[in-house]
Amino acid sequence: MDTLLSNALLPALYVPQRPFPPLKNSFSNSSSNGIIYTRNPKPKALHFSTNSNLSASPQQQQHTLLFDDWPQLLQLSIGSKNLMLGQAIHAFLLKCGCQSDTFQGNNLVNLYSKLKRLEDAHLVFDEMPERNTITWTSLMTGYSEVGDSESLFRIARDMFRGEEKFNEHTCSVMLEACRTVEERRRGEQVHGFVVKSGLQDSVFVATSLVSMYSKSDCLGNAEKVFNDMDYKDVQCLNYMILEYGKVGCGEKAIAVFIDLLTSGLDPNDYTFTNLISACCGDVGVHEGRQLHGLAVKYGIMGETSIGNAVITMYGKHGMIDEAKTMFYALDDRNLISWTALLSMYVKNGHVDMAMDVFSEMLDLGIYCDSSCLCTVLDACSECRNLELGCQIHAYVIKLGYYSGVHVGTALIDIYAKCGDLQSARLVFDGLSSKTTASFNAVLAGFMESHMHVEEDPMVLFNQLRYAGISPDSITFSRLLSLSAEEACLVRGKSLHSYSIKAGLEANSTVGNSLITMYAKCGSIEEAFQTFNSINGRDCVSWNAIISAYALHGEGNKALLLFENMKEEGFAPDGITLLAILQACSYSGLWETGLYLFNEMEPKYGTRSVIEHFGCMVDLLGRAGKFSEAIDFINRSPFPDSPMLWRTLVNVCMLCGNLNFGILASKRLLLLEPDEAGSYILVSNMYAEGGMFDEAAKVRTVMNDLKVNKEAGCSWIAVDNKFHYFVASDMDHPKSDEIYEKLNLLKIQIKLNTHDRSDVCLISDPL
DNA sequence: TTAGGGTTAG
């Protein structure tokens, strides 16, 4: 063990000239490290100072440690993470000459393990002549501390081979190392070992099992272990309340709380913090408010964590005043209290108030951590305020959080959502470590920028795969949405294959995106196959497949699926009704559509919003009921909505009803005199109706008013390369061949539709 | 007489 005697400690060895005051209990100062030994070579006492200067004079020393007190001081060095003090005690023990003492060895292994000095822990461990269960368990704790489960289980195997007895402590440490999805399998093996060893009745081990299963996404197993426990203490019950709260099972959390009270246990601050936090899901503000009152009755509202949970709970239920009152009633506000208030304002759409709070924090000199900065950046992102985001970005750099992955991802998010993909990429490229979430944030930028990007997200995706970043369901969902937008079936299929390889075949998020991708790329059969393959379909899955059939004009199939959805116990939401109205509209089922629209609120409890009204205008128009459509708009809550009138103009154009189209156009241009898109639509409507002079007039008005619109573009993907075209485009290197092919196609279409009256060549745009 | 649940609020 001599090998551990650090040279750095030697200057501290000093014989004092006079006695020191006795050992005090106030060892909380973590800077204590001035070490002096009274006798050499075999000291009876250790004197130490709270002064960090090792060369301080003996008169400045404050504490004396008698030989028997060393375990107490060792605990202090662990608690205060004071390695130097621990090493001094180690040196002190060496001088005492008790190298073969197992108790001392165990304590030293524990010291170095807790301080993550695994090499030192191993040195002590290796030199111990006799080891016991505590020695092995202490060493395993070190590997658990640093998250090295491979080494931990290697040691466990050695311990097993050496026939050392595993006890409840050992099993708890092993289970601690299995609290991830990746380690779940190993956790199950340890569970088997626990049962075989008869240790499952220990409340420590059982709580570790509950924790292991819930943290590895197996709440069902956690619940089984929890329910089988004969004896539960407060900490175990608090744990289950926490886990139920995390997955939004507030009712179950409250049931555990009732069990806690009926078993005569006393709830503590953790109980209320966890429980109030659980009142943001299926359990609402009524229960949250009652628990808040109960915490006041118990006299523990002085605990900041409970107050913080109350702020968040009220904030999530939109009760801004109550949340604010709680914040100002707190005796001890901490950074979490401030962040909770900030977040509450952001989530309730009061970004300006959030920024006021942030300014106040800066004025008060409160130092922000990464979580607080992420919330502020969320505020900028929420209101798409890029300028403010840039200012916060500068502050982030000043604080040194620039390359941190969480703040970095929030920065990417704001740039991406504001359409500045280039800056989003710059932040992403500068991240010290990239995560799936940061990549997903960049993908949001691609989605926001649509087709106006040179870079191919798939190239970036492949680079990240090779760098070892695993895609998750959100990655696939976003990439599939991009493929759907590009109508690129080949790419969509390739992503489908990769999602199967990634083990996400039955994932509902990926499945739902696949349905939409296949439908938008024209393959309704594959959309339906995917729908059938999803394990645990949710409301979104049903909405996706109903929308898919609506898009393909198969209204009756969409209606059939709507009935199946209800039979399987899913409550249709606003999106379902929108999809079903579209299905009726595209399939000419206007009476059914009208009936369902009128049933939305009374039968389905779904409030109709402007999109539903838009759909109804389209439905009535397609059914030729233009007069009814105009009445419908005028009687709706949105009689002056340009969107509804634009829908009517569009449907008039589609159905060739110029009279109503002109009527609707006049209203539209009155409502939207500066919107280029409306002029183009009206102009197109005239052109479709053969009124070319009127169409030209509208274009002239546009020019006079100087309203311009970016030209619409079409594209085609060939061999993973996208080719874009605008009207009259001659920029493509193969323009001549393309126009020639188009001419042939037009002739073929005319011949096939038996309309040979106007077979002519598409004129060269030049 | 040493080792284990170590939980909370943004």
Side-chain angles (χ1 to χ4, degrees), chain A residues 68-72 74-75 78 101-111 113-114 121 131-142 144-145 159 166-177 179 194 199 202-212 214-215 229 232-243 245-246 267-278 280 300 303-313 315-316 323 326-327 330 332-347 354 357 368-376 378 406:
Chain A
D68 289 344
D69 291 328
W70 67 264
Q72 187 191 350
L74 208 54
Q75 286 302 320
I78 293 170
D101 185 272
T102 308
F103 175 66
Q104 283 185 15
N106 286 351
N107 274 282
L108 289 168
V109 173
N110 183 43
L111 163 81
S113 284
K114 290 279 168 57
R131 302 174 192 127
N132 59 21
T133 301
I134 298 176
T135 328
W136 287 92
T137 307
S138 297
L139 186 64
M140 284 157 71
T141 306
S144 171
E145 289 281 340
M159 180 178 171
F166 283 58
N167 65 14
E168 49 188 13
H169 295 258
T170 327
C171 292
S172 291
V173 176
M174 288 196 292
L175 288 167
E176 161 92 28
R179 291 179 182 180
V194 163
L199 293 166
S202 153
V203 68
F204 282 95
V205 176
T207 309
S208 298
L209 281 166
V210 170
S211 166
M212 181 274 290
S214 52
K215 285 194 175 150
M229 287 171 76
K232 295 163 190 143
D233 59 13
V234 174
Q235 194 164 333
C236 178
L237 291 158
N238 286 349
Y239 208 92
M240 207 60 220
I241 291 171
L242 170 76
E243 295 301 335
K246 273 188 198 163
N268 58 21
D269 51 327
Y270 282 97
T271 318
F272 280 102
T273 308
N274 296 350
L275 205 49
I276 291 170
S277 302
C280 302
I300 53 172
E303 288 294 333
T304 306
S305 64
I306 304 180
N308 293 345
V310 170
I311 296 170
T312 306
M313 183 267 296
K316 286 198 176 162
M326 183 68 249
F327 175 81
L330 281 177
D332 293 308
R333 286 172 212 139
N334 58 18
L335 182 57
I336 296 176
S337 323
W338 285 95
T339 314
L341 187 72
L342 265 175
S343 176
M344 184 273 291
Y345 280 130
V346 176
K347 301 246 160 69
V357 170
C368 294
D369 67 0
S370 65
S371 184
C372 178
L373 287 168
C374 287
T375 308
V376 179
D378 268 357
H406 294 299

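What's counted below: heavy atoms across the whole structure, side chains too, no hydrogens, waters or symmetry copies. All values derive from a computational prediction rather than experimental measurement. Each chain gets a letter, A, B and so on, in the order its sequence line appears, and its residues count up from 1.
The residue A:Lys114 sits close only to the backbone: its heavy atoms come under 4.0 Å of sugar-phosphate atoms, none of a base. Contact annotation for A:Ile336: base contact, defined as any heavy-atom pair under 4.0 Å involving a base atom. A:Val205 comes within 4.0 angstrom of no nucleic acid atom, judged by non-hydrogen atoms across all strands. Contact annotation for A:Asp269: no contact, since no heavy-atom pair falls under 4.0 Å across all strands. Counting non-hydrogen atoms under 4.0 angstrom, A:Gln75 reaches the backbone sugars and phosphates but no base. Residue A:Asn274 is in sugar-phosphate contact alone, with no base atom involved, counting any heavy-atom pair closer than 4.0 Å across all strands shown. A:Thr375 comes within contact range of no nucleotide atom at all, as no heavy-atom separation falls under 4.0 Å.
Atom-to-atom distance recorded for A:Asn107:CG and A:Ser138:OG is 8.0 Å, nearest 0.5 angstrom.
Applying the ring pair (Phe, Tyr, Trp, His ring centres under 6.0 Å) test to A:Phe272 and every residue at least two apart in sequence or in another chain returns A:Phe257, A:Tyr298. Residues passing the side chain to side chain donor-acceptor pair (under 3.5 Å) test with A:Asp369, sequence neighbours excluded: none. Partners of A:Glu145 under the salt bridge (Lys or Arg N to Asp or Glu O under 4.0 Å) rule, at least two apart in sequence or in another chain, do not exist in this structure. Residues satisfying the side chain to side chain donor-acceptor pair (under 3.5 Å) test with A:Tyr239, not counting sequence neighbours, are A:Ser211, A:Lys215. Applying the ring pair (Phe, Tyr, Trp, His ring centres under 6.0 Å) criterion to A:Phe327, with sequence neighbours excluded, gives A:Trp338.
With a cutoff of under 4.0 Å to any heavy atom of chain A, the contacted region of DNA chain B is bounded 5' to 3' by B:dT1 to B:dG10.
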